[in-house]
Every structure is written in structure tokens, then in C-alpha cells.
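See below for the structure under consideration.
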2 protein chains.
Amino acid sequence: MAPKAGRSRTREFSSLSASIVTTLKDQIVQWRYPPEYRMTEAELCKQFGVSRSPVREALRILATDGFVQRMPNRSYRVKQHNLQEIEELYDVRLALELFVVEQLANRSAPGHDDIAALKRTWTSVLNGLPRKDEELARLDTQFHETLALAAGNKTLLRQLRAINERLMLFRIIDFAKAHRATSTCRQHLAILTFILAKNSAGARKAMQKNIEEGRNNVQSAIKDALARAYSL
Amino acid sequence: MAPKAGRSRTREFSSLSASIVTTLKDQIVQWRYPPEYRMTEAELCKQFGVSRSPVREALRILATDGFVQRMPNRSYRVKQHNLQEIEELYDVRLALELFVVEQLANRSAPGHDDIAALKRTWTSVLNGLPRKDEELARLDTQFHETLALAAGNKTLLRQLRAINERLMLFRIIDFAKAHRATSTCRQHLAILTFILAKNSAGARKAMQKNIEEGRNNVQSAIKDALARAYSL
DNA sequence: GTACTCAGGATTGTATACAATAAGCCCGTA
DNA sequence: TACGGGCTTATTGTATACAATCCTGAGTAC
């Protein structure tokens with residue numbers, strides 16, 4: 001114990017593979033790779049200037065997180081999410097988040113301070129519109145994660161994060177398409193109000209509406225993108 | 001070292017790491033390792049007669065699946081689940097399964113054949129009691145997975161499986177303790193009846209009761225085990 | 001006696017070498 | 001031309017070698 005003062009635990013990446021994972025996730029989410037793109041270990045070794053060991057580890061992680069597809073004894077592919085899978089991801093998200101708001105509305109004691117603080121934040125967001133799309137996306141993610149955190153379930157929060165990470169692939173398409181900031185704000189405030197009023201049914205309904213709207217926006221954005229792709 | 005190329009590899013597992021993962025998961029679930037047990041790569045290499053590469057891969061998988069804990073640059077530990085984490089896992093399971101039965105009750109068309117078949121199965125189970133605990137545990141798992149499958153969400157099913165895999169650590173304690181077969185059967189039949197009657201609220205309530213009972217049984221089993229451990 | 005320093009050993013992180021597997025191509029045959 | 005066998009090559013799976021990191025404990029200064 002009593003580690004030296006100079007032992008600064010830099011919060012950088014402890015390992016090469018972690019760094020590769022975040023970089024690749026970022027690139028994939030930004031559609032820098034075409035879907036079904038074939039990724040070989042050697043290629044990534046050259047790109048990152050490291051050996052196969054960390055690259056392999058990174059690819060395994062990406063595979064379990066659903067960003068690439070692994071076939072035994074063959075290469076990896078950047079995963080092509082189909083509409084079915086997006087539906088499923090949104091449904092899981094719905095299941096988890098409905099549960100969260102219900103729990104929050106039913107029990108009052110812990111977490112309601114965070115909810116009240118969140119409400120103040122979003123009230124000011126509503127008044128201070130507009131902002132950059134990017135900033136709003138960040139706030140939106142933070143909103144949903146704060147709720148899960150207030151519910152006190154770290155496991156659930158982790159799962160939610162993993163889902164949202166993958167959905168980011170498509171939310172990015174949507175964000176670039178239109179800003180619906182006002183609507184989002186109102187929905188978020190409604191959810192928070194219901195929770196504070198301990199109206200769990202209302203909170204569930206409001207959350208459902210919020211998520212379904214996101215789902216629909218993403219779905220139509222994808223269909224648009226596909227239609228455009230085929231018409232050209 | 002120099003594992004003479006006696007390639008009597010069973011073709012069951014495509015890779016060594018997969019085989020190691022299933023073996024270790026099994027051993028951990030059966031409490032063959034004390035919690036917090038320190039697992040080193042070298043030790044597993046000797047145990048399985050392979051090199052570090054597949055062992056490392058297996059440990060990564062076990063870590064992401066929540067069976068061992070990894071610390072950077074240090075060894076791995078067999079994970080010690082605390083009561084808090086078990087609560088969280090049960091809550092996530094609750095969230096997912098409540099969503100599943102609600103969906104199933106709300107929409108009639110697909111899946112209801114499976115539900116009806118499941119109901120027949122469990123009716124016969126109720127009549128044909130008793131069976132071996134082991135068999136009942138298998139049927140119980142199958143019950144919940146069939147529901148998720150009937151809902152048509154493979155992503156959700158995968159997550160549920162992962163959760164139940166971890167909870168198996170504690171359900172094994174409980175299974176050995178008592179058989180509550182009749183109660184389980186009745187609860188399952190109630191859930192299925194509500195679904196077929198398209199009563200989503202009833203189905204949710206019944207499912208909640210079923211899961212909460214499992215949770216309570218596990219909790220008290222753990223407390224008993226801890227109390228016994230400390231009293232000796 | 002306490003706290004600090006600094007070797008030494010143990011263990012993981014990374015790089016590379018070798019083996020096994022799967023895909024592609026050439027070529028021969030009907 | 002169509003088809004199939006076997007070689008070649010690209011790529012992953014596995015083993016091992018080397019580097020970096022962390023824990024331990026003896027030794028020393030105060």
C-alpha cells in the first residue's frame with residue numbers, strides 16, 4: 001500500500017487491444033467500413049503497427065460485442081445488421097428501460113435526487129435550444145444511462161450500454177437527417193415527471209413512446225438510405 | 001510442453017479454447033473452485049496440456065461472461081458473486097421475461113402454437129410428478145427459453161441464456177436443497193394460461209411471482225450456506 | 001522499529017514461428 | 001465444355017520466445 005505519489009494511474013489504455021477495439025468500433029459506427037467487409041488479422045497488424053496477439057484479442061472482443069462476425073478458421077466480417085436485428089435490439093432496450101422507469105416510480109427513496117437533477121437539466125435544455133446535433137445525442141444517451149444508474153443496477157446499465165453502442169450505427173444515420181430536439185425534450189421531461197409523481201404506468205407509457213419514436217426514426221432512415229442506394 | 005502430436009482431438013469442439021471454456025464454466029458452476037481463487041495461465045496450461053494462446057482466449061471469454069475477474073497485468077480470479085449482483089441479475093431477468101410474456105399475450109398470431117404445446121408438456125409434468133431434480137431444472141430452463149424463443153427475439157434469448165448461466169451458480173445450491181416441483185408447475189401453467197387468454201397484466205404478474213420465488217429461494221439458500229460456513 | 005529502496009521472481013503483455021485448415025486455381029479427363 | 005482431383009496459397013489456430021509489469025521481501029538509513 002501507500003503507493004508512491006508519482007505513481008500516476010494514467011487512465012489511458014492499459015493494453016494495445018483495448019485501444020484497437022475503441023478505434024475500430026468508432027470506425028465501424030461511422031460506416032468507415034462497408035458492411036460485410038472482410039477483415040484479416042494481417043491487415044489490422046499493418047494498420048496499427050502491432051503483432052497479431054493484440055489484434056486477435058481485439059477481434060474477439062468486437063465479435064462478442066456484435067460489431068464483427070467471426071467464422072472459425074476464416075476471416076472476420078464487419079457485421080451487417082439487418083432490420084430484424086435492429087428490431088430485436090430495440091425490443092431488448094425497451095424491456096430494460098421500461099423496467100427501470102417502473103422501478104424508479106415505485107420506490108421513492110434513493111435515486112429521486114438524481115431524477116430531480118436530471119429534470120432541471122432537461123428543462124434548461126428545452127429552454128436553451130437549439131444546440132448541435134452531436135451534443136444532443138450525447139445528452140440523450142446520458143439521459144437513459146442516468147436513469148439506469150439511478151435504479152442502481154450496474155449490470156443492467158452495462159447491457160444497456162452495449163445495446164446502445166450497436167444501435168449507434170443507425171442512430172448516426174438518423175441524427176444526420178433531422179433534429180427533433182424539442183420533441184425529445186418534452187418526452188424526457190414527461191418521463192421524469194411521471195417518475196417523481198410515482199406514476200409507474202404513466203412513466204412506462206412515456207418511455208415506450210420515446211423509444212418507439214427513436215425506433216421509427218431509425219427504421220425510416222434506414223429504408224430511405226436503402227431506397228436511395230438502390231435507385232442510384 | 002512439446003505435447004507430442006498425438007492429435008486425438010475430438011472433433012466436438014472446433015477450437016481448444018472453446019473446450020476449455022465449457023469445461024471451466026462447468027467446474028466453476030459446480031463450485032469446484034473456491035471463490036476468489038487465483039487462476040494463472042500457466043496453471044491452466046498444465047491442466048489442459050495446451051499452450052498459453054488458447055488458455056488466454058478462454059480466460060477472456062470467461063471474463064466477459066462474468067465467471068472470472070480480470071485485472072490488467074495480474075492474474076484472474078474466480079468471481080465471487082455478492083448478493084447485490086445476484087439481485088441485479090434477477091432484476092435483469094425479470095425485466096426481460098416480463099417483456100416477453102407481455103408481448104406474447106398481446107399478439108396472438110405466431111408463437112401461440114408453441115405456447116399451447118408448452119402447456120401440454122407442463123400439464124403432463126404436473127401429473128407425472130415426481131421426477132429427478134436434475135430433470136426438473138432442465139425443464140424449467142427450457143420453459144423460460146421457449147417463451148423467449150416464441151417471442152421471436154434471438155438477441156433477447158441470448159442475453160437470457162447468459163444470465164441464467166451465471167445464476168446457475170446459485171440455483172445449484174437451491175436445487176440440492178429442496179424440490180418445489182408442484183408449485184413451479186402451477187406457476188408455469190398459470191403463466192401460459194394467461195398468455196393464451198391474452199391477459200398481459202395477468203401474465204406479467206404470474207411471471208413476476210415465479211421469478212421472485214426463485215430469487216427468494218436462492219437468496220435464502222445462500223444465506224443458509226453462509227451461516228453454516230461461519231458457524232463451523 | 002519503521003519506512004523506504006531496490007533487486008529478484010512470478011505473471012501477464014506482446015511478438016514471432018510453426019501447424020492446420022479452407023479457398024482458389026490449374027489441369028487432366030470424359 | 002463440365003467436372004473433379006490435387007497442388008498452392010492465404011489465413012487462422014497453436015506454440016513458444018521475449019519484454020514489461022507487478023508483487024515480495026531482504027536490507028538499510030533514520
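Bear in mind the structure is a predicted one, so any value in this text is a computation, not a measurement. Numbers restart at 1 for each chain; the letters A, B, ... are given by sequence-line order, proteins then strands.
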side-chain hydrogen bond (donor to acceptor under 3.5 Å, both in side chains), paired with B:Asp65, selected from B:Lys25, B:Arg60, B:Arg166: B:Lys25
Hydrogens and angles aside, do B:Gln47 and B:Glu43 bring a side-chain donor and acceptor to less than 3.5 Å of each other? no
Nearest whole Å is fine: how far is D:dT21 C1' from B:Met71 CE? 15 Å
Please work out which of the three classes, parallel, tilted or perpendicular, describes the rings of B:Phe143 and B:His188, given edges at 30° and 60°. parallel
So, are B:Asp91 and B:Arg215 salt-bridged, with charged N and O less than 4.0 Å apart? yes
For A:Arg38, report the nucleic acid contact type (base, sugar-phosphate, nothing); a contact means any heavy atom under 4.0 Å. nothing
Nearest to the B:Arg74 side chain among D:dT16, C:dG13, D:dC23, which nucleotide is it? D:dC23
Could you check which residues of residues 39-47 of chain B get a heavy atom under 4.0 Å from DNA chain C? Sort them by number, please. B:Met39, B:Thr40, B:Glu41
Using the side-chain heavy atoms of A:Arg52, tell me which of these nucleotides is nearest: D:dT11, C:dA17, C:dT14. C:dA17
Atom pair distance, as rounded to whole Å: CG in A:Leu59 and P in D:dT11: 14 Å
Strictly by ring pair (Phe, Tyr, Trp, His ring centres under 6.0 Å), give each pair with a member in residues 36-61 of chain A just once, sequence neighbours left out. A:Tyr33-A:Tyr37
Figure out the CZ/P separation between B:Phe48 and D:dT14, and round it to whole Å. 14 Å
Could you check which of C:dT14, D:dG13, D:dT21 has an atom nearest any side-chain atom of A:Arg56? D:dG13
When rounded to whole Å, the CG to P distance for the pair B:Leu16 and C:dA19 reads 16 Å
Identify whether any heavy atom of A:Ser75 sits under 4.0 Å from a base atom; if not, whether one sits that close to sugar-phosphate; answer base, sugar-phosphate or nothing. sugar-phosphate
Remember a base hit wins even if backbone is also touched, and classify A:Arg60 as base, sugar-phosphate or nothing at under 4.0 Å, heavy atoms. sugar-phosphate
Distance below 4.0 Å between B:Ser53 side-chain N/O and D:dT14 OP1 or OP2: no
Salt bridge or not for B:Arg158 and B:Glu165, using N-O below 4.0 Å? no
Are A:Glu88 and B:Lys154 ion-paired here, with the side-chain N under 4.0 Å from a carboxylate O? no
Can you figure out which of D:dT21, D:dA15, D:dT12 approaches the side chain of B:Pro54 most closely? D:dA15
Taking CD1 from B:Ile20 and C1' from D:dA15, how many angstroms apart are they, rounded to a whole number? 13 Å
